[in-house]
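Remember, it's a predicted structure, so these values are computed and weren't measured experimentally.
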Amino acid sequence: MSADRSIAKSGPGRARTEIAAWRKRLSISAAVYEKVALAALVTLTLIVFSGAAVRLTGSGLGCSDWPRCTSTSLQPPLNTYSLIEFSNRIFVVLVTIAALAAWLGTYLRRPLWPRRRDLRLLGASLPLGVLLQAVIGGESVLYKLAPVWVMAHYWVSMVILVAAFELWHRSRLEPEELGRPGADRWTVLYVRALVVVAAGVLVLGSVATAAGPHAGASGTGQLVHRLGWWGSETLARLVVAHGLLVTSLGLATVGAWWVARQRAAVPELVRTLTFVCLLLAAQGFVGITQYALALPTEIVWVHVVLATLTWVGYVHAWVAAGPLPRSRPRSPGRQGSPPRPAPRPSATR
């Protein structure tokens, strides 16, 4: 009998008890986890900036192999371009730690029960996204910065930022607070349409960059294929298309800001749209300037930074607008009037 009890104590039940005890000891408050999620969002944003710096300085092939820097060494050669590329890879380690912390923290965030499955799913998507980015980044190097891989690298970064922002936003709220509407039905639809158009602007902008002069390997002197769908006119056509779409997005965003104010949306949505409008105005000035000056590296980098911040702003606007309210069912009467009562049957005499 005693042997059976000792086996039971050392079985799966005891292991679960010890795990629960450790989780309780390592648990963190919701306020602390909010800071962890914010740190993940910030580092995932900064890696976009550093990646753009690698490309614009022509250091994309400063490390010509993956995962090692060269075919024979993990350490970079002692030249500027290799050190820039290698530093970006080192920063990926910090990003990975932040993403893992955001994921593991979802299991330690108090209260430990009930489980926040929404946070756990979003938290798990961050390290998975970083892993996917590592694979795409490695393929970009192995395929000598082929445009399709470089564009995919940027697009996946924008998707990861959506998950990171949603994780941070949800970590600030309890489940019962997530369903609160921030605007009426038409305003929510308007804002969501803006985000879709903004995603199109990002895609078209990255395509225009893939046809531009910043191939990412000018420092190493290696030839990188550029998009040339219309020959020498490819870049000009893509820039014009990108500019028209951005102009339309800017005007529509100003309209959304006005609509949100008129329809008494939550202040957070109005403030976010105000911030986005200011970013778009700065983007327009920077975009025109960089094209007039033949795309200098420093201004292009500022353009990428502003584009990333603007995208985060649009994601914030989507979240601040809240869930889509259900449309009210129409009453069966005319123009909302109550239905007429059925005529009473005549009394029999």
Side-chain angles (χ1 to χ4, degrees), residues 45-61 81 84 140 145-155 157-158 161 194-257 273-314:
T45 304
L46 292 178
I47 193 65
V48 179
F49 302 165
S50 65
V54 170
R55 180 172 185 177
L56 294 171
T57 57
S59 307
L61 294 178
Y81 303 106
I84 292 176
S140 300
L145 303 183
V148 63
W149 289 108
V150 176
M151 289 187 295
H153 202 47
Y154 183 71
W155 298 339
S157 294
M158 297 300 102
L161 287 181
L194 282 180
V195 178
V196 173
V197 177
V201 168
L202 287 176
V203 171
L204 191 55
S206 63
V207 173
T209 303
H214 298 291
S218 58
T220 60
Q222 299 190 45
L223 180 64
V224 177
H225 174 69
R226 313 304 293 148
L227 295 182
W229 296 333
W230 299 285
S232 59
E233 297 181 358
T234 301
L235 178 59
R237 290 189 180 188
L238 289 174
V239 167
V240 170
H242 179 65
L244 291 175
L245 188 59
V246 169
T247 302
S248 302
L249 177 63
L251 294 175
T253 304
V254 173
W257 171 81
L273 289 173
T274 303
F275 178 69
V276 171
C277 288
L278 294 175
L279 282 175
L280 285 174
Q283 274 286 68
F285 175 77
V286 171
I288 294 173
T289 302
Q290 72 174 12
Y291 190 70
L293 298 178
L295 304 177
T297 299
E298 296 80 6
I299 299 182
V300 174
W301 184 81
V302 173
H303 193 65
V304 174
V305 170
L306 290 176
T308 305
L309 294 177
T310 305
W311 172 245
V312 174
Y314 276 113

Exercise for the section: Would you mind reporting whether V246 and Q283 have side-chain heavy atoms less than 4.5 Å apart? Expected result: no
Handout entry: Residue pair V54 / Y81, side-chain heavy-atom distance below 4.5 Å
Key = no
Completion exercise
In short, L293 meets I299 closest at the heavy-atom pair CD1-CD1, 3.8 Å
Completion exercise
Distance col, row T310:OG1 vs L280:CG, nearest 0.5 angstrom, shows 5.5 Å
Exercise for the section: Give a yes or no answer on whether the side chain of R226 reaches the backbone of T209 with a donor-acceptor pair at less than 3.5 Å. Expected result: yes
Problem - S140 OG to L61 CG distance, which is reported to the nearest 0.5 Å - result: 9.5 Å
Exercise for the section: Could you walk me through whether V203 and W155 pass side chain to side chain contact (heavy atoms under 4.5 Å, CB included), step by step? Expected result: CA-CA 7 Å; V203 171; W155 298 339; 3.8 Å; yes
Practice task
Would you confirm whether T234, through its side chain, and W229, through its main-chain N or O, come within 3.5 Å as a donor-acceptor pair?
Solution key: yes
Fill in the blank from the handout: On a heavy-atom basis, the closest approach of A252 and L194 is CB-CD2, 3.5 Å
Handout entry: Student check: side-chain heavy atoms of W257 and T274 closer than 4.5 Å
Key = yes
Fill in the blank from the handout: Nearest heavy-atom approach of P296 to Q290 is CD-O, 3.6 Å
Exercise for the section: First locate atom OG1 of T57, then atom CD1 of I84, and finally report the distance between them rounded to the nearest 0.5 Å. Expected result: 4.0 Å
Problem - Closest heavy-atom pair and its distance - A52, V304 - result: CB-CG1, 3.7 Å
Fill in the blank from the handout: Interatomic distance, CG@L235 vs OH@Y291, rounded to 0.5 Å, equals 6.0 Å
Exercise for the section: Indicate yes or no: at least one non-hydrogen side-chain atom of L161 is less than 4.5 angstrom from one of M158. Expected result: yes
Problem - Between OH on residue Y314 and CG on residue L273, distance to nearest 0.5 Å - result: 8.5 Å
Handout entry: Close side-chain approach of T308 and Y154, heavy atoms under 4.5 Å
Key = yes
Problem - E233 side, atom CD; L238 side, atom CG - distance, nearest 0.5 Å - result: 11.5 Å
Handout entry: W301 (side chain) donor-acceptor with F49 (main chain) under 3.5 angstrom
Key = yes
Problem - Closest non-hydrogen atom pair between A198 and L249, with its separation - result: CA-CD2, 3.9 Å
Handout entry: Which atom of T253 lies closest to which atom of C277, heavy atoms considered
Key = CG2-SG, 3.7 Å
